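Computation of the quantities below employed the complete heavy-atom set of this structure, encompassing side-chain atoms and omitting hydrogens, waters and symmetry-equivalent molecules. Note that the structure is predicted; figures quoted are calculated from it, not measured.
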Amino acid sequence: ERLADGFKASYDSEGYKQTAAYAGVGTMLEALKSAGLQLSIATNKRILPTRLILAHLGWLGYFEHIYALDLFEPRLPDKAAMIARLLADHELPEGRSIYIGDRSEDGESADANQLPFIAATWGYGSIEAAAMAGHWRPLFLRFARGGKVIATGGTADYLAQHYDLNTAHSQAVTDEW
């Protein structure tokens, strides 16, 4: 327990600053927020370092809700319960919410809440195609000229079809080069 407490103290004071963003994620967040989408986080990471990391990366303003297992007393049992709580607390519209993650647990938690799941195949957990359920969609990011981020693998079409992205904003999240 002392070792864990020491790690938390070190991580919460300096270690979180070592977190590096994957290329294109900041641009993608800006494009999604600019398109009028409401962004939330449901993470297994503790709430304090989550907020510190988001502030450090300059991303805190992109997210309207930030949930972590330790945000509540008693602590939530798992990610599926956390997502359910987030959906209920903020009355997020059924049929207009999705979950994006990089681990099989994320997809299973989305499934438990009847949410479509988009797999970040380049993330920390890096879901392999063979491990993905047939109804999960992969998310691939690339850069286009002018710094626009491009979502490929059918993700842009899915977002545009289900979330009414207008033409001006959907250019930032598109399958077209």
Side-chain angles (χ1 to χ4, degrees), residues 1 4-5 7-8 11-12 15-16 19 21-22 24-26 28-29 31-33 35-55 57 59-141 151 153-165 173:
E1 190 171 316
D5 289 343
F7 172 80
K8 288 177 186 177
Y11 190 75
D12 294 352
Y16 75 90
T19 302
Y22 285 93
V25 173
M28 178 188 67
L29 292 172
L32 294 173
K33 188 73 171 177
L37 299 179
Q38 179 181 351
L39 306 177
S40 300
I41 292 180
T43 180
N44 287 333
K45 188 177 287 297
R46 293 177 302 113
I47 193 68
L48 176 62
T50 298
R51 288 181 176 149
L52 289 170
I53 290 167
L54 290 172
L57 295 174
W59 296 352
L60 202 52
Y62 292 129
F63 298 96
E64 295 188 38
H65 315 292
I66 303 169
Y67 276 39
L69 295 176
D70 70 340
L71 183 62
F72 303 97
E73 275 300 323
R75 183 182 171 105
L76 295 172
D78 56 33
K79 190 172 277 187
M82 181 180 9
I83 293 171
R85 176 81 184 256
L86 173 66
L87 293 169
D89 285 354
H90 301 287
E91 299 177 352
L92 298 179
E94 189 175 313
R96 299 205 20 98
S97 298
I98 60 173
Y99 192 73
I100 300 172
D102 61 358
R103 302 175 56 156
S104 292
E105 175 199 11
D106 296 329
E108 293 159 4
S109 298
D111 288 348
N113 287 282
Q114 293 82 47
L115 293 177
F117 178 65
I118 298 177
T121 55
W122 37 262
Y124 177 75
S126 297
I127 298 173
E128 297 291 330
M132 290 178 51
H135 60 283
W136 297 351
R137 297 180 171 275
L139 171 64
F140 302 103
L141 299 179
T155 305
D157 290 341
Y158 180 85
L159 290 171
Q161 179 182 1
H162 290 87
Y163 298 94
D164 300 324
L165 299 182
V173 186

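- The heavy-atom pair separating Tyr11 from Pro49 by the smallest distance is CE2-CB, 3.5 Å.
- Residues Ser97 and Leu87 are in side-chain contact: their nearest non-hydrogen atoms beyond the backbone lie under 4.5 Å apart.
- Side-chain contact check for Lys45 and Tyr16: no donor-acceptor pair (N or O, by modelled atom type) lies under 3.5 Å.
- A search for side chain to side chain contact (heavy atoms under 4.5 Å, CB included) contacts involving Ala80 returns Asp78, Ser109, Ala112, Asn113, not counting sequence neighbours.
- Evaluation of the ring-ring contact (aromatic ring centres under 6.0 Å, His included) rule for His90 yields His65, Tyr67 as partners, not counting sequence neighbours.
- In this view, Arg75 satisfies the side chain to side chain donor-acceptor pair (under 3.5 Å) rule with no residue, not counting sequence neighbours.
- Legend: residues meeting side chain to side chain donor-acceptor pair (under 3.5 Å) with Glu105, ordered by chain and number and at least two apart, are Asn44.
- Leu76 and Met82 get closest at one heavy-atom pair: CD1-CA, 3.6 Å.
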(request) Show the numbers, then the answer: is there a side-chain contact (heavy atoms from CB on, under 4.5 Å) between Ile118 and Trp136? (result) CA-CA 6 Å; Ile118 298 177; Trp136 297 351; over 6 Å; no
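- Scanning for side chain to side chain donor-acceptor pair (under 3.5 Å) contacts around Asp12 gives Arg46, with sequence neighbours left out.
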(request) Could you go through the side-chain contact (heavy atoms from CB on, under 4.5 Å) check for Leu115 and Ile98 one step at a time? (result) CA-CA 5 Å; Leu115 293 177; Ile98 60 173; 5.9 Å; no
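- Every residue meeting the salt bridge (charged side-chain N to carboxylate O under 4.0 Å, His left out) condition with Glu64, not counting sequence neighbours, appears here in chain and number order: Lys33.
- Taken to the nearest 0.5 Å, the CD1 atom of Ile47 stands 5.0 Å off from the CG atom of Leu71.
- No side-chain heavy atom of Ile41 sits under 4.5 Å from any side-chain heavy atom of Leu86.
- Residues passing the side chain to side chain contact (heavy atoms under 4.5 Å, CB included) test with Ala21, sequence neighbours excluded: Leu57, Trp59.
- Under the rule for a side chain to side chain donor-acceptor pair (under 3.5 Å), Lys8 has no partner lying at least two apart in sequence or in another chain.
- Taking Asp89 as the reference, Arg85 meet the salt bridge (charged side-chain N to carboxylate O under 4.0 Å, His left out) condition, with sequence neighbours excluded.
- Closest heavy-atom contact between Ala110 and Tyr99: CB-CB, 3.9 Å.
- Interatomic distance, Leu32 CG to Ile100 CD1, rounded to the nearest 0.5 Å: 6.5 Å.
- Atom CG of residue Leu48 and atom CD1 of residue Ile53 lie 9.5 Å apart, to the nearest 0.5 angstrom.
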